[in-house]
J.: 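Just passing along the structure, written as structure tokens.
Because only heavy atoms are used, hydrogens play no part in the values below, and waters and symmetry mates are left out as well, while side chains stay in. Atoms within each ligand, like the ligands themselves, are counted from 1 in listed order.
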Amino acid sequence: MTATTAQSASGPATASGGAPASAPVVAFDKVNKSYGSVRAVADLDLTLHEGETVALLGPNGAGKSSTLDLLLGLRTPDSGAVRLFGTSPRQAIEGGRVGAMLQSGGLMEDVTVQELVRLACDLHPRAHPVRQVLEQAGITEIADRKVNKLSGGQEQRVRFALATAGASDLIVLDEPTTGMDVSSRQTFWAAMRAQARQGRTILFATHYLEEADTIADRVIVLHRGRVLADGSSAEIKAMAGARRIAFELDEPADEAALRALPCLTGIEISGRTVRMRSSDADATVHALYGLGVYPRGIEVAGLGLEQAFLAITDAATAEEAGR
Ligand SMILES: Nc1ncnc2c1ncn2[C@@H]1O[C@H](COP(=O)(O)OP(=O)(O)OP(=O)(O)O)[C@@H](O)[C@H]1O
């Protein structure tokens, strides 16, 4: 990464504003961004490679949108450098290498869907035919409708069409499925998968953890502008280093004894039903039997991505509070 960053600092290496083929798709090098006293992005290092589908997760205010804005050159870092394909975000965008779908960003209102998509195609150096863009985004049927008459979910599809108007190498999506119903979401992700199969790099911020789990081959968890975890969904679950234990007791639980079990990182007792989170399920279950109780239907399982996400971000919050 250091080599390509140094190389690209001297400017575009090809006529199209490109850079050496070896440059990472995205490279954040110690990037900082604050708004007044709020540090939105803190010493962020991030490298994305060609063909990856990456989910950006994080609680509200973690810095996801700020990171995407910096990536797209919509905001300037206070310090550090952002490079796309070894060039500046602006060069990459002007070269048609990036398609983006942002959270808000008003759409032109007094035009039809088709007119708006045609405009995006006209502006893209490597545009697809308008009909194909409409079709891929599932908006052929509403092509003649005025943009200001669309529902929230339809607007999102139009934004998706604008992001995929041409053969961009990187597609950036900020919470793309917000406002979409279940079937629109499925259609949307099917279209996104088709883009990924064509070798495009996809980066999307989301609050829907099941989307990250099923769509992304890499998950990055942000917290207070820093990367807390970075790996495959399975690796993130393992990183949380915890297992779920659930069982029923014959008699109402002795809460104090259960809460004192070793390696517990969380416990929920509801009558005779007990659910726990443990950093060492073997040790916890062994000690549980030592209490002389008879747990029925005992289940030990790994955490889902959502629970792993909560475990990781809760632990970071607790650590910060304890400092
Ligand atoms: N224009 C701004 N002015 C002041 N503070 C801002 C601005 N934009 C973002 N922030 C603050 O920066 C931090 C990061 O915000 P950001 O929108 O990047 O987070 P996010 O992870 O996208 O959040 P969400 O999931 O809620 O969309 C938050 O504390 C937010 O309040």
J.: Could you identify the single nearest non-hydrogen protein atom to atom 17 (O) of ligand 1 and state the distance to 0.1 Å?
T.: Ser65 CB, 3.8 Å
J.: Look at atom 31 (O) of ligand 1 and say whether a protein heavy atom is found at less than 4.0 angstrom from it.
T.: no
J.: For Trp189 together with Phe204, are the ring centres under 6.0 Å from each other?
T.: yes
J.: Any side-chain donor paired with an acceptor under 3.5 Å for Thr112 and Asp144?
T.: no
J.: Does Lys30 come within less than 4.0 Å of Asp43, counting only side-chain N to carboxylate O?
T.: no
J.: Flag Val38 as yes when one of its N or O atoms lies below 3.5 Å from any N or O atom of ligand 1, and as no otherwise.
T.: no
J.: Would you check whether Ala62 has a nitrogen or oxygen atom less than 3.5 angstrom from a nitrogen or oxygen atom of ligand 1?
T.: yes
J.: Can you confirm, on distance only, whether ligand 1 has an N/O atom lying under 3.5 Å from any N/O atom belonging to Thr67?
T.: no
J.: Just to confirm my output: which protein heavy-atom neighbour is closest to atom 6 (C) of ligand 1, and how far is it?
T.: Tyr35 CD1, 3.2 Å
J.: Name the closest protein heavy atom to atom 26 (O) of ligand 1, giving the residue it belongs to and the distance to 0.1 Å.
T.: Asn60 ND2, 2.9 Å
J.: Regarding ligand 1, does Gly61 bring an N or O atom to under 3.5 Å of one of the ligand's N or O atoms?
T.: yes
J.: Of Lys33, Arg224, Arg75, Lys64, which has the heavy atom at the shortest distance from atom 25 (O) of ligand 1?
T.: Lys64
J.: Is atom 13 (C) of ligand 1 close to the protein, meaning a heavy atom under 4.0 Å from it?
T.: yes
J.: Are Val221 and Tyr208 co-members of a hydrophobic cluster defined by side-chain heavy atoms under 4.5 Å apart?
T.: no
J.: Which residue owns the protein heavy atom closest to atom 27 (O) of ligand 1, what's the atom, and how far is it?
T.: Glu175 OE2, 3.6 Å
J.: Does His207 come within less than 4.0 angstrom of ligand 1, counting non-hydrogen atoms of the residue?
T.: yes
J.: Rounded at 0.5 Å granularity, tell me how far CD in Gln91 sits from OG in Ser88.
T.: 3.5 Å
J.: Quick one: does NZ or CZ of Arg193 land under 6.0 Å from the six-membered ring centre of Phe188, within 45 degrees of the ring axis?
T.: no
J.: Which atoms of ligand 1 sit under 4.0 Å from any heavy atom of Ala40?
T.: 12 (O), 13 (C), 14 (C)
J.: Quick one: look up the protein heavy atom nearest atom 16 (P) of ligand 1 and list residue, atom name and how far away it is.
T.: Ser66 OG, 3.7 Å
J.: What's the shortest heavy-atom distance between Leu46 and Thr67, and which atoms?
T.: CD2-CG2, 4.4 Å
J.: Between the side chains of Gln156 and Thr177, is a donor N or O closer than 3.5 angstrom to an acceptor N or O?
T.: no
J.: What I want to check is whether the side chains of Thr201 and Glu52 have a donor and an acceptor closer together than 3.5 Å.
T.: no
J.: Assess Gly63 for proximity to ligand 1: is some non-hydrogen atom of it under 4.0 Å away?
T.: yes
J.: Could I get the full list of side-chain hydrogen bond (donor to acceptor under 3.5 Å, both in side chains) partners for Ser184, not counting sequence neighbours?
T.: Arg157, Asp181
